[in-house]
Each structure stands twice: as structure tokens, then as C-alpha cells.
> 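Have a look at the structure that comes next, please.
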Amino acid sequence: MAKTKSKITRILSIDGGGIRGIIPGQILVILEEKLKAKTGNPDARIADYFDLIAGTSTGGILTCAYLIPAQDNSGEAVRPKFSASQVVDLYLKRGGDIFSVSVGHKIRTGGGILDEKYPAKQLEKALDEYFGDTKLSQLIKPCLITSYDIKHRKGHFFTQHDAKQNKGWDFLVKEVARATSAAPTYFECSNVISDSEVSYPLIDGGVFVNNPTLCAFAEVYKQFKTAPGKMIILSLGTGFSKKEYDYDEAKEWGMVQWVKPLIDIMMSGVADVVDYQLRQMFDAIGKQKQYLRINTKLPIDVSPDMDDATPENLQALKELGTYTAQNFDKELDALVELLV
């Protein structure tokens, strides 16, 4: 793992949240511009200034996109393929296709009640176009991408550094991205096959760790022997609405009515607990400035739905990402000083 001269390990972590991944994506566009200005390097990329990137679901897709390599004429991977702006374009240009459904599919699935809400074809097509046949081991930096193994009933973590050592943990990046984003009720579960030809039935890691920051913390602590005081962490959320649920209504709900509220409560609750735990740890060692969590409340003109990819909502999400970055301008400037 590459480190700065002061032996600080720099971690970027990105939550799940479907199309709302535009928000952290746009924050990272602003951060990348700040890094370019600070270093005087117009080709600076997010991956240059973090030693490990972690992501769940949409955050997992973003992680793959920041770390996917470009190749020189010899075929050797030398630089990150995409700028932060190009990564956001994956959502802005393909979101409408990914979260689209034919009338026939709606009828066959009972509007998503009898089967997954969306066919995976457009998602898989987009992932193939962006990631091709690149393998996890070929990503340019260590990573941690979450999913959940429904057969063995445990979390499954895709890690570049392990994939480099053992082909049993190596997978196609497009399959990693497909697995981490296989959100129950939205897309069918994914069956991915490792280089050692072992198959894993996986679903979205958001079912147990929508905010993967603490997992990234533990990975760096264990695998790379980095003490907490030697870590810098940027943790990015995908926005929250904290919708209130009325007791008189909720007490009458059955399985169908509880599905969406449970997903909402689970994702936001887990993310908040992880943030609390990390704040307490960094406060306890007097390193508060080395942990930065950025999340934002969703205004009324931005849909909280993970699959609202209407042109109006895509633009609103992009603007909210920029607005959020501007509100954290001083904190991001201070972070740049630590990262460079």
C-alpha cells in the first residue's frame, strides 16, 4: 500500500444509495479540482491521493470507477482511466436507462412485487462498457467493496490487495460492481464466479453495511498494520431524508407496507451508527481533524428514492452535490492539506 512520507494512510469511503451516488460523486469532482489547484497537476485524480477506497452498492461502483486503470501503448496499466467528472457521467448519462422498465415487465412482475423491479440488462451493459474485462487484481490501488453472500449467510468483501495474492479472490470488476449493487427488490441477485471457478450468490452490501467506513478502518488496521492515529478518513454519504413514520399507520402495516420503510431505516440507521463510532474513536485519540464525514439532508425538491433517474432529479442531485461540497469548503481545503 502506497503511503505519504509521514506514513499516513488515506482512506476514502462511499455509502450506498442508488442513483443518489451522484451526490458523493459530485463532491469528489470538487475535491479533485482542489487537488489539481493545490498540486499544480492538471492530471491529478482521486485515486492518486487515497491509499484505499471502500464502497457499498453505488459506492462500490464509484470505487471501481476511480480505480479502473487506463493503459499505455504497451498494455501496462499506468493511470486511473476516468476523472471524477467522467465517473459522475456514468450516472447522468446511463441512470435513465438503468432505472427504466417496460410496460410488459411491470405487468409480469406486478410492479416489482412478484419479481425484481428492474431487469439487470441495462445495468450490466453499462458496467461492461465502463469496466470491460478488467480484473479486481488489476485495480490501481487497494479497495474494499461490500456484498452479502446469501448461501453462506455472511458478508463478502472484494479486496484488490487479496485478489493480487490469490486468484480465489479475483473477479471481473464488472461482476464486483454488479454484486455490490444487487439491491433486493430492485435487481435480481448476482452469481459471480472467481478466477478459481467458485461461484458466489451475492446481493447488495447495503443490507448489512451501507456505510463501509468502519470496515475500511478495520481492514487498514489489520492488513496494513496502521494505527488509528495514522489514518485520514473521508466518509461520504448519499443524502438522507429521515422520513417520519406515523404510529397509527405503521401499526397496521404488513410485509408489503414495511419493505420500503425497513430499507430506509436500515440504511440510514447503520450509517449513523458507524459515523458515531468513528467520531468517538478519533475524538478519544485527539485526531478529530483526521476524520471527515460529509452527508446532507435531502431538500424537498430532491427525491429520496434510490431509483428516481428522471432528468429533473438527476440534475437536482448533481446540484445538491455541488452545494454540499461548497458548504464543506473549509473542511475540504483542510483535508487537501492533509492528503497532499
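Position 1 is the first residue of the sequence, and the numbers go up from there.
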> Check this for me, if you would: do Asp170 and Lys135 make a salt bridge, where the nitrogen-to-carboxylate-oxygen distance has to be below 4.0 angstrom?
no
> Answer yes if the side chains of Asp204 and Ser57 hold a donor-acceptor pair under 3.5 Å, and no otherwise.
yes
> What is the minimum heavy-atom distance between Tyr49 and Ala44, and which atoms define it?
CE1-CB, 4.0 Å
> Distance check, rounded to the nearest 0.5 Å: Leu67 atom CG versus Leu62 atom CG?
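Separation between the atoms: 10.5 Å.
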> Excluding sequence neighbours, so at least two apart, what forms ring-ring contact (aromatic ring centres under 6.0 Å, His included) with Tyr148?
Phe208
> Applying the side-chain contact (heavy atoms from CB on, under 4.5 Å) criterion to Val209, which one of Asp15, Leu214, Thr146, Val274 satisfies it?
Thr146
> Could you see if Leu278 belongs to whatever hydrophobic cluster contains Ile285? Use Ile, Leu, Val, Met, Phe, Trp, Tyr and a side-chain cutoff under 4.5 Å.
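No, no single cluster joins them.
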> Salt-bridge test for Glu175 and Arg178: reply yes if a basic N is under 4.0 Å from a carboxylate O, no otherwise.
no
> Any Lys/Arg nitrogen of Arg153 or Asp149 sitting under 4.0 Å from an Asp/Glu carboxylate oxygen of the other?
no
> Decide whether Ile30 and Ile294 are clustered together by the hydrophobic rule: side chain heavy atoms of Ile, Leu, Val, Met, Phe, Trp, Tyr closer than 4.5 Å, transitively.
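Per the 4.5 Å side-chain linkage, Ile30 and Ile294 are not co-clustered.
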> Is any NZ, NE, NH1 or NH2 atom of the basic residue among Asp305 and Arg20 found under 4.0 Å from an Asp or Glu carboxylate oxygen of the other?
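So Asp305 does not pair with Arg20 through a salt bridge.
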> Determine, for Arg10 against Asp51, whether the closest basic-nitrogen to carboxylate-oxygen distance falls under 4.0 angstrom.
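Result for this pair is yes, salt bridge flagged.
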> Just to verify, what does Lys38 make a side chain to side chain donor-acceptor pair (under 3.5 Å) with, not counting sequence neighbours?
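Checked Lys38 against side chain to side chain donor-acceptor pair (under 3.5 Å); matches are Glu337.
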> Report the distance from atom NZ of Lys318 to atom CD of Gln26, rounding to the nearest 0.5 Å.
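Between atom NZ of Lys318 and atom CD of Gln26 there are 5.5 Å.
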> Got a salt bridge between Lys141 and Asp48, using NZ or NE/NH1/NH2 to carboxylate O under 4.0 Å?
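Looking at Asp48 together with Lys141, the answer is no, because their closest N to O distance does not fall below 4.0 Å.
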> Between atom CZ of Arg94 and atom CG of Leu90, what is the distance when rounded to the nearest 0.5 Å?
8.0 Å
> Looking only at heavy atoms, what is the nearest atom pair of Ile19 and Asp308, with distance?
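Nearest heavy atoms, Ile19 then Asp308: CG2-O, 3.6 Å.
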> Say you draw a straight line from CG of Leu202 to NE2 of His152; how long is it, rounded to the nearest 0.5 Å?
10.5 Å
> Under 4.5 Å between side-chain heavy atoms, chaining through other members, with only Ile, Leu, Val, Met, Phe, Trp and Tyr counted: pull out the rest of the cluster around Tyr245, sorted by chain and number.
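Reading the cluster by chain and number, Tyr245 sits alongside Trp253, Trp258, Leu262, Ile265.
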> Are Trp169 and His156 close enough that their ring centres sit under 6.0 Å apart?
yes
> Indicate whether any N or O donor in one side chain lies under 3.5 Å from an N or O acceptor in the other, for Thr58 and Tyr91.
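Tyr91 and Thr58 do have a side-chain donor-acceptor pair below 3.5 Å.
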> Strictly under 6.0 Å, is that where the ring centroids of Phe82 and Tyr130 end up?
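Yes.
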> Could you check Asp43 against Lys36 for salt bridge (Lys or Arg N to Asp or Glu O under 4.0 Å), going step by step and ending with a plain yes or no?
CA-CA 7 Å; Asp43 295 321; Lys36 289 178 182 179; over 6 Å; no
> Search all heavy atoms of Ile150 against all heavy atoms of Cys189 and return the closest pair with its distance.
CD1-SG, 4.2 Å
> Check the orientation of Phe171 and Phe158. Use parallel for under 30°, tilted for 30 to 60°, and perpendicular for over 60°.
perpendicular
> Between the side chains of Tyr200 and Asn191, does any donor sit under 3.5 Å from an acceptor?
no
> So, Ser196 versus Ser194: side-chain donor-acceptor pair below 3.5 Å or not?
yes
> So which heavy atom on Gly60 is nearest to which on Thr180, and how close?
CA-CG2, 4.0 Å
> Is Ile27 reachable from Leu31 through a run of I, L, V, M, F, W or Y residues, each pair having side-chain heavy atoms under 4.5 Å apart?
yes
> Give the minimum heavy-atom separation between Gly17 and Thr238, together with the two atoms involved.
CA-OG1, 3.6 Å
